[in-house]
Amino acid sequence: MRRSFARLLALAATTAVIPLASPPPATAEVVIGGHPVEISQAPWTVALSSRDRFGGTRAGQFCGGVVVGRTTVLTAAHCLSEDVLGAPPERIPDLRVVAGRAELQSNEGQEIAVRDTWVNPEYGAHTNAGDFAVVTLASPLPENSVLGLAGAGDTAYLPGARASVYGWGDTTGAGDYPESLRAAPVEVLANAVCEKAYPGSAEGRYLAGSMVCAGEPSGGRDACQGDSGGPLVAEGKLIGLVSWGSGCGLAGKPGVYTRGSYVARVLAESPSGGAEAP
């Protein structure tokens, strides 16, 4: 499942692949098997918010994102879809990026207006391929909020590398949502493992060129609904954006992320993306 709200409702009775954005207003889903973290430990982790669309209980949080430039945030393409937002992002007047805040209901950090959005033209809503988008902020964040992307061939992508996924998503897979940012340690898995888990079916197909997967062989630690667009970090670099997976924390069904080096390549080839150079 892609890890977002809109299709979660339609597929809630199945284990099919659904997006990882948050469910309706009073709830949202969180990192499985994780632990609370201070925002100072992950200042590049941000929340996408619309109180008009998702209510005020969790400050309108519905997806995650990661700061890769002082005015540039990456998130999942499906987070900006009409399935999730109910309208194109430019028609959501209170669309904000919440930065510098671990506790969603606190006054910590700032809520920054969105100046522009850009969705990867290679994104396939039915295949999950190319699942990333760029959000341009109306005002800049501090330089220490920026996280660099791991390029192609970086050792951070090697099987067995230890990584962490961050978000405000479901902590149990049963709709238990935290108010505070959490992180879960996961292992980067070999492409062959991911291809075996997702060979191509209703669950989705793993594509090594644009995806990376991570988890634990026995399950138990994973991203979940509400974490979409959030960062997967290894060796101090961004290697993936939360995208999709079958269930949450299931053995043999790791989480699938949009590969950071793929994002960097597309942005380098697409000046219309409007992002600062990572």
Side-chain angles (χ1 to χ4, degrees), residues 2-6 19-22 44-50 52-54 60-99 111-141 145-152 167 207 209-212 227-232 238-244 256-278:
R2 280 181 293 164
R3 288 161 175 190
S4 74
F5 161 56
L20 288 189
S22 291
W44 17 261
T45 304
V46 297
L48 270 60
S49 164
S50 168
D52 285 351
R53 174 72 174 100
F54 297 97
Q61 187 270 342
F62 64 95
C63 271
V66 55
V67 181
V68 296
R70 293 190 63 193
T71 59
T72 304
V73 168
L74 297 178
T75 189
H78 71 259
C79 287
L80 299 183
S81 69
E82 290 194 39
D83 279 351
V84 171
L85 292 177
E90 63 271 17
R91 291 177 54 194
I92 307 298
D94 74 331
L95 183 61
R96 298 286 187 273
V97 166
V98 182
E111 299 187 12
I112 305 175
V114 171
R115 191 180 76 205
D116 195 15
T117 60
W118 179 86
V119 175
N120 177 21
E122 297 181 6
Y123 170 55
H126 299 293
T127 64
N128 304 316
D131 188 14
F132 85 91
V134 177
V135 174
T136 303
L137 305 179
S139 58
L141 289 166
S145 299
V146 176
L147 182 65
L149 281 158
L207 302 171
S210 62
M211 300 175 185
V212 62
D227 290 321
S228 279
L232 177 68
L238 178 66
I239 64 169
L241 300 170
V242 177
S243 181
W244 62 283
V256 183
Y257 302 77
T258 304
R259 185 176 286 262
S261 58
Y262 163 81
V263 173
R265 177 185 66 76
V266 172
L267 290 180
E269 296 173 356
S270 305
S272 60
E276 301 170 49

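Since this is a predicted model, take the numbers as computed values, not measurements.
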Task: Minimum-distance pair of heavy atoms, taken over all atoms of S261 and A152 - done: CB-N, 3.4 Å

Task: With sequence neighbours excluded, residues passing side-chain contact (heavy atoms from CB on, under 4.5 Å) with E90 - done: P88

Task: Nearest non-hydrogen partners of L207 and A129, listed with the distance - done: CD1-CB, 3.8 Å

Task: Gap between atom CG of L241 and atom OG of S243 - 0.5 Å precision - done: 8.5 Å

TODO: Check for a donor-acceptor pair, side chain of R70 on one end and backbone N or O of P140 on the other, with a separation under 3.5 Å.
DONE: no

Task: Residues D131, H78; criterion side-chain hydrogen bond (donor to acceptor under 3.5 Å, both in side chains); working and verdict - done: CA-CA 7 Å; D131 188 14; H78 71 259; 2.8 Å; yes

Task: Non-hydrogen side-chain atoms of N120 and Y262 separated by less than 4.5 Å - done: yes

TODO: Identify the heavy atoms of G260 and L149 that sit nearest to each other, and give their distance.
DONE: O-CD2, 3.7 Å

Task: Point-to-point distance, once rounded to the nearest 0.5 Å, from OG1 of T45 to CG of D227 - done: 10.5 Å

Open item on the list: Main chain of V266, side chain of S270: is a donor-acceptor contact present, judged purely on distance under 3.5 Å?
Closed with: yes

TODO: Kindly indicate whether the side chain of F132, heavy atoms from C-beta on, has any atom under 4.5 Å from the side chain of T75.
DONE: no

- [ ] Would you give the length of the straight line joining atom OG of S228 to atom OH of Y257, rounded to the nearest 0.5 angstrom?
- [x] 10.5 Å

Task: Flag side-chain contact, heavy atom, 4.5 Å: L80 against L48 - done: yes

- [ ] Please report the shortest heavy-atom distance between I239 and A150, naming the atom on each side.
- [x] CG2-CB, 3.8 Å

- [ ] Enter the distance from R265:CZ to R259:CZ here, rounded to the nearest 0.5 Å.
- [x] 12.0 Å

TODO: Taking R53 for its side chain and A87 for its backbone only, find out whether a donor-acceptor pair lies under 3.5 Å.
DONE: no

Open item on the list: I'd like to check L74 versus T258 (side-chain heavy atoms, cut-off strictly below 4.5 Å). Are they in contact?
Closed with: no

Task: Over all atoms of both residues, closest heavy-atom pair of V98 and S49 - done: CG2-CB, 3.8 Å

Task: Between CG on residue D52 and CG on residue D94, distance to nearest 0.5 Å - done: 3.5 Å

Task: Within-4.5 Å side-chain heavy-atom neighbours: L267 and W118 - done: yes

Task: Stepwise side-chain contact (heavy atoms from CB on, under 4.5 Å) check, I112 with L141 - done: CA-CA 9 Å; I112 305 175; L141 289 166; 3.4 Å; yes

- [ ] Measure the shortest side-chain to side-chain distance between W44 and V73 over non-hydrogen atoms and say whether it is less than 4.5 angstrom.
- [x] no

TODO: Taking all heavy atoms of Q61 and all of A47, pick out the closest pair and write down the distance.
DONE: CG-CB, 3.7 Å

